[in-house]
Each structure stands twice: as structure tokens, then as C-alpha cells.
Number of protein chains: 2
Amino acid sequence: MDSATAREQALDAAEKLFYGRGIQSVGMDDIRGASGVSLKRLYQLFPAKEQLVVAYLERRDVRWRGQLAAYAERQPDPGRRILAVFDWLEEWFAEEDFRGCAWINSYGELGARSERVADQVRAHKQAFRDYLASLVTAAGLPDALTGPLFLLAEGAMVTAGITGGTRPAAEAREAARSLVAAR
Amino acid sequence: MDSATAREQALDAAEKLFYGRGIQSVGMDDIRGASGVSLKRLYQLFPAKEQLVVAYLERRDVRWRGQLAAYAERQPDPGRRILAVFDWLEEWFAEEDFRGCAWINSYGELGARSERVADQVRAHKQAFRDYLASLVTAAGLPDALTGPLFLLAEGAMVTAGITGGTRPAAEAREAARSLVAAR
DNA sequence: ACCGTAGGAGAACGCTCGTTCTCGCGTCAA
DNA sequence: TTGACGCGAGAACGAGCGTTCTCCTACGGT
């Protein structure tokens with residue numbers, strides 16, 4: 001097995017376990033077991049667990065935002081693209097293994113102790129916010145709408161993570177619709 | 001020192017440390033050091049750390065909601081009481097030692113492993129939501145407004161926790177004002 | 001065939017931390 | 001006075017886990 005595939009398998013296992021059970025309750029040994037990558041190899045690829053965590057968040061960030069953008073772009077009307085974000089959230093919340101926002105969860109677990117993880121979370125949230133801002137601009141809406149839309153999305157993610165269910169997405173979408181219409 | 005004051009001192013120390021540094025990075029020994037309550041006493045009062053965590057969240061819940069309600073009630077007009085919630089959030093976010101929402105953070109840290117902690121978090125969020133619902137009803141506004149207002153507040157809390165600063169509260173308040181005005 | 005190297009399995013190490021135990025001291029009832 | 005008891009200080013125990021080390025096997029180049 002070459003380094004590149006070992007890295008991917010390690011990250012696949014790390015993502016599944018970290019997201020599903022939390023970071024601190026997953027040991028490096030669990031990742032070895034789930035990935036088939038030996039401890040020696042793991043530590044060659046990621047000299048410390050923290051770096052594996054950061055790599056997990058980075059890779060997930062790219063995929064998460066990519067999928068969101070791909071979903072939204074299916075909607076040709078710029079105004080409706082904003083609402084499509086909430087549709088996408090609703091589909092995400094409905095997934096079998098949905099366990100809340102990986103970054104919010106990671107921040108709660110490690111934000112106070114790992115500056116790198118905290119940076120990663122802030123970067124992800126900033127990127128998401130920037131994306132929303134680009135949608136708002138493209139729709140010819142005032143910039144001031146970005147903040148509220150972002151807060152609705154964050155509130156929906158954290159609430160869906162805690163209570164389960166897709167209702168927060170629907171509520172957020174209706175609120176977003178109302179805010180957009182008011183402008 | 002009698003049991004009641006030992007309990008209070010233990011909870012004072014636990015709250016300060018758990019909230020400030022996260023739960024998992026605070027050991028029972030740290031709590032002993034900060035509270036002056038011996039380990040033996042601590043384990044008499046709280047047979048396991050998890051119970052101390054639950055007691056911390058419970059007591060903080062009572063105080064948090066009490067302070068919010070006290071602040072909101074200073075506003076005689078029912079419609080404005082809703083916005084006062086966001087003013088209160090803004091003041092909270094500005095506090096020196098603000099480190100996000102204790103319940104969201106705890107859920108990220110322990111929600112996956114401790115059912116009792118998860119229950120406590122859900123109960124707190126439900127109580128907060130119920131309180132918002134009572135304000136919405138008192139103001140003669142439609143029930144459907146509760147969800148969006150709750151999501152804005154949650155989004156503001158989680159965002160302020162991650163990025164710092166009070167801006168999320170201001171953004172949420174403006175959005176809330178707009179939603180209320182749009183009915 | 002032989003050596004050097006990479007890699008895997010898993011033991012080992014060291015530290016943290018939740019929890020319990022030991023010991024000694026002071027207190028109070030009889 | 002004495003003995004039982006409560007309590008504090010802190011050592012001790014045991015588990016978990018991040019990280020490293022040992023040992024062994026396989027293989028590629030000469």
C-alpha cells in the first residue's frame with residue numbers, strides 16, 4: 001500500500017470515527033483497527049494525533065463546501081440559491097449518521113486546548129459565511145443579509161445536532177425566506 | 001464546613017473551571033484545589049464526576065434563565081421583551097470570561113458519551129425555547145415565530161463562542177426585529 | 001544468496017486522571 | 001479518659017491512551 005492510499009484510508013477511518021463518536025473517545029489504536037494502517041505508518045503520515053484531527057477537518061471542509069456549492073448551483077435563480085442552502089441542510093440533517101456540525105463539535109471538544117483545531121474551525125465558518133455572502137451579492141441583495149442568514153444556518157446546525165430531526169432546517173428556511181422578502 | 005457550603009464551593013469551582021477550560025481538561029484534583037473541598041468530600045457529595053457535571057449544568061441553567069428573565073422583565077412592552085433577549089445576549093457575549101454557550105460546549109465534549117449530560121443539554125435548550133415561546137405568545141405574535149427566533153439566538157451563541165465579539169448578537173437582534181415586523 | 005531497508009504486529013512506556021485507600025488528627029459522647 | 005468516628009492530605013491503584021520501541025518478515029538491488 002503506497003503512502004497516498006494509506007493516508008486516504010487513515011483519513012476515511014478518522015472521519016468516520018471522529019465524527020461519529022467524538023475525537024477524544026477515539027484512540028489512535030481505533031483508527032489503526034478501522035483503517036488497516038499500522039501505527040507506525042500512521043505516525044509517519046501524521047506525527048501527532050492533533051495533526052490527524054486537523055487533516056480530518058480540512059478534508060471534510062473541502063468536501064462539505066463542495067457538496068453544498070454543487071447542490072446550490074443546480075438552482076439557476078440566484079435568489080433561490082440562498083434557500084437551496086437550507087434545503088441542503090435539511091437533507092444533511094436527515095442522513096442516518098448525522099451527528100451535528102463536525103466543526104462546532106470539535107470546537108466544543110478541543111477549541112479550548114488546541115489552537116490549531118480552533119483555527120481550523122474558525123477558517124471553516126469564515127469560508128461558509130463568505131460563501132453565503134457571495135450568494136447574497138449574486139442575488140443583488142444587501143450585504144447586511146449575510147449575517148442573519150449565517151446565524152440561522154448555524155442555529156439550525158447546532159439545534160439539529162442536539163435535538164435531532166430536520167425541523168430546524170425547515171424553520172430556518174422559512175425565516176430566511178421572510179428575511180429575503182422583507183428586503 | 002457543613003455539607004451545604006462544601007457543595008456550593010465545589011460547584012462554584014466546578015463551574016468556573018469547567019466553563020473556562022472545558023470539562024475533560026479539568027480533573028477532580030483541580031476542583032479540589034480550587035474549591036478547598038477534599039477529594040473524599042467531593043466523592044461523598046458527587047459519587048462520580050459525571051454527577052458533578054450534571055449538577056454544574058443544572059445550577060447554571062437555573063441562574064442563566066433567571067438572569068435572562070429578570071433582564072427581559074425590565075422591559076414592560078411585551079414586543080420589546082423579545083428584542084431584550086438579544087440585548088442580554090450581547091451583554092453576555094461582552095463579558096471578560098465569555099467562552100460560548102456552556103451547554104453547546106458540553107454537548108460537543110460529552111454528548112456522544114454521556115446520556116445524562118445530553119439530557120441536561122436538551123432540557124436546557126427546550127426550556128429556553130419554551131421561554132421564547134411564552135414571550136412570543138405574550139406579545140400576541142404567531143407561534144411560528146418562536147423557531148426562527150430560537151435559531152437566531154442559538155446561531156449567535158455558537159458564533160460568538162467560536163469567533164468572539166458581540167457582533168452576532170447585534171446581527172441576530174436586527175434579524176429578529178425584521179422578522180417580528182414582517183409578522 | 002545476501003544485505004539493507006521498509007513495514008507490520010503488538011508490546012512497552014509514560015503520563016493523566018477518575019476513584020479508592022491509608023494514615024493520622026481532632027472531636028465528641030459516655 | 002477513651003474509643004469511635006469524621007475528615008483532610010495525599011498516596012496508591014487501575015484504566016486509557018498517545019507515542020515509541022522491539023522483533024520479525026518480506027522484498028529489491030547487487
Side-chain angles (χ1 to χ4, degrees), chain A residues 1-57 105-106 108-117 120, chain B residues 1-57 105-106 108-117 120:
Chain A
M1 190 195 307
D2 68 352
S3 286
T5 57
R7 189 184 158 89
E8 286 308 297
Q9 284 186 237
L11 284 172
D12 287 346
E15 178 158 7
K16 186 170 175 187
L17 294 174
F18 286 160
Y19 180 68
R21 302 184 358 213
I23 292 167
Q24 314 224 47
S25 69
V26 172
M28 293 298 276
D29 215 57
D30 296 322
I31 289 169
R32 177 186 61 141
S35 68
V37 176
S38 72
L39 276 184
K40 200 178 213 174
R41 210 74 179 289
L42 275 179
Y43 276 93
Q44 281 171 3
L45 295 165
F46 308 98
K49 187 183 182 184
E50 187 186 43
Q51 298 182 40
L52 177 58
V53 174
V54 170
Y56 143 62
L57 291 175
N105 292 344
S106 300
E109 249 184 299
L110 298 174
R113 258 183 301 183
S114 165
E115 201 49 46
R116 290 183 183 183
V117 169
Q120 198 55 230
Chain B
M1 191 195 308
D2 69 352
S3 287
T5 57
R7 189 185 160 86
E8 287 307 298
Q9 284 185 236
L11 285 172
D12 287 345
E15 179 158 8
K16 187 170 173 186
L17 293 174
F18 285 160
Y19 181 68
R21 301 183 359 212
I23 292 168
Q24 315 225 45
S25 67
V26 172
M28 294 298 275
D29 215 58
D30 296 323
I31 289 170
R32 176 185 62 142
S35 67
V37 176
S38 73
L39 276 183
K40 198 176 212 173
R41 209 73 179 285
L42 275 179
Y43 276 93
Q44 281 173 3
L45 296 164
F46 308 97
K49 186 183 182 184
E50 186 185 43
Q51 297 183 41
L52 176 57
V53 173
V54 170
Y56 142 63
L57 291 175
N105 291 344
S106 300
E109 248 184 301
L110 298 174
R113 259 182 301 183
S114 165
E115 202 50 45
R116 290 185 183 181
V117 169
Q120 198 56 230

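Naming convention: chains lettered A, B, ... in sequence-line order (proteins, then strands); numbering from 1 in each chain.
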Let me know the distance between CD of A:Gln9 and P of C:dG8, rounded to the nearest Å. 11 Å
Tell me the ring-ring contact (aromatic ring centres under 6.0 Å, His included) pairs involving residues 7-32 of chain B, sequence neighbours left out? B:Phe18-B:Tyr56
Nearest whole Å is fine: how far is D:dG16 P from B:Arg113 CZ? 12 Å
To the nearest Å, give me how far apart CD1 (B:Ile31) and P (C:dC17) are. 12 Å
Main chain of B:Ile23, side chain of B:Glu109: is a donor-acceptor contact present, judged purely on distance under 3.5 Å? yes
Close N or O pairs between protein and nucleotides 18-23 of chain C (under 3.5 Å):
| residue | atom | partner | partner atom | Å |
| --- | --- | --- | --- | --- |
| C:dG18 | OP1 | B:Lys49 | NZ | 2.6 |
| C:dG18 | OP2 | B:Met28 | N | 2.7 |
| C:dT19 | OP2 | B:Tyr43 | OH | 3.0 |
| C:dT19 | OP2 | B:Lys49 | N | 2.9 |

Donor-acceptor pair, distance only, cut-off 3.5 Å: does the side chain of A:Ser114 make one with the backbone of A:Leu110? no
Are more than 12 heavy atoms from other residues, nucleotides or ligands located less than 6.0 Å from atom CZ of A:Arg116? no
Side chain of B:Arg32 only, please: which of D:dA9, C:dG7, C:dG8 is the nearest? D:dA9
Counting N and O atoms only, with roles assigned by atom type, does the side chain of A:Gln9 sit under 3.5 Å from a partner on the main chain of A:Ser35, one being a donor and the other an acceptor? yes
Rounded distance (Å) that lies between atom C1' of D:dC7 and atom CZ of B:Arg7: 19 Å
Side chain of B:Asp12, backbone of B:Glu15: donor and acceptor closer than 3.5 Å? no
Atom-pair distance (CZ on A:Arg41; P on D:dT19), nearest Å: 19 Å
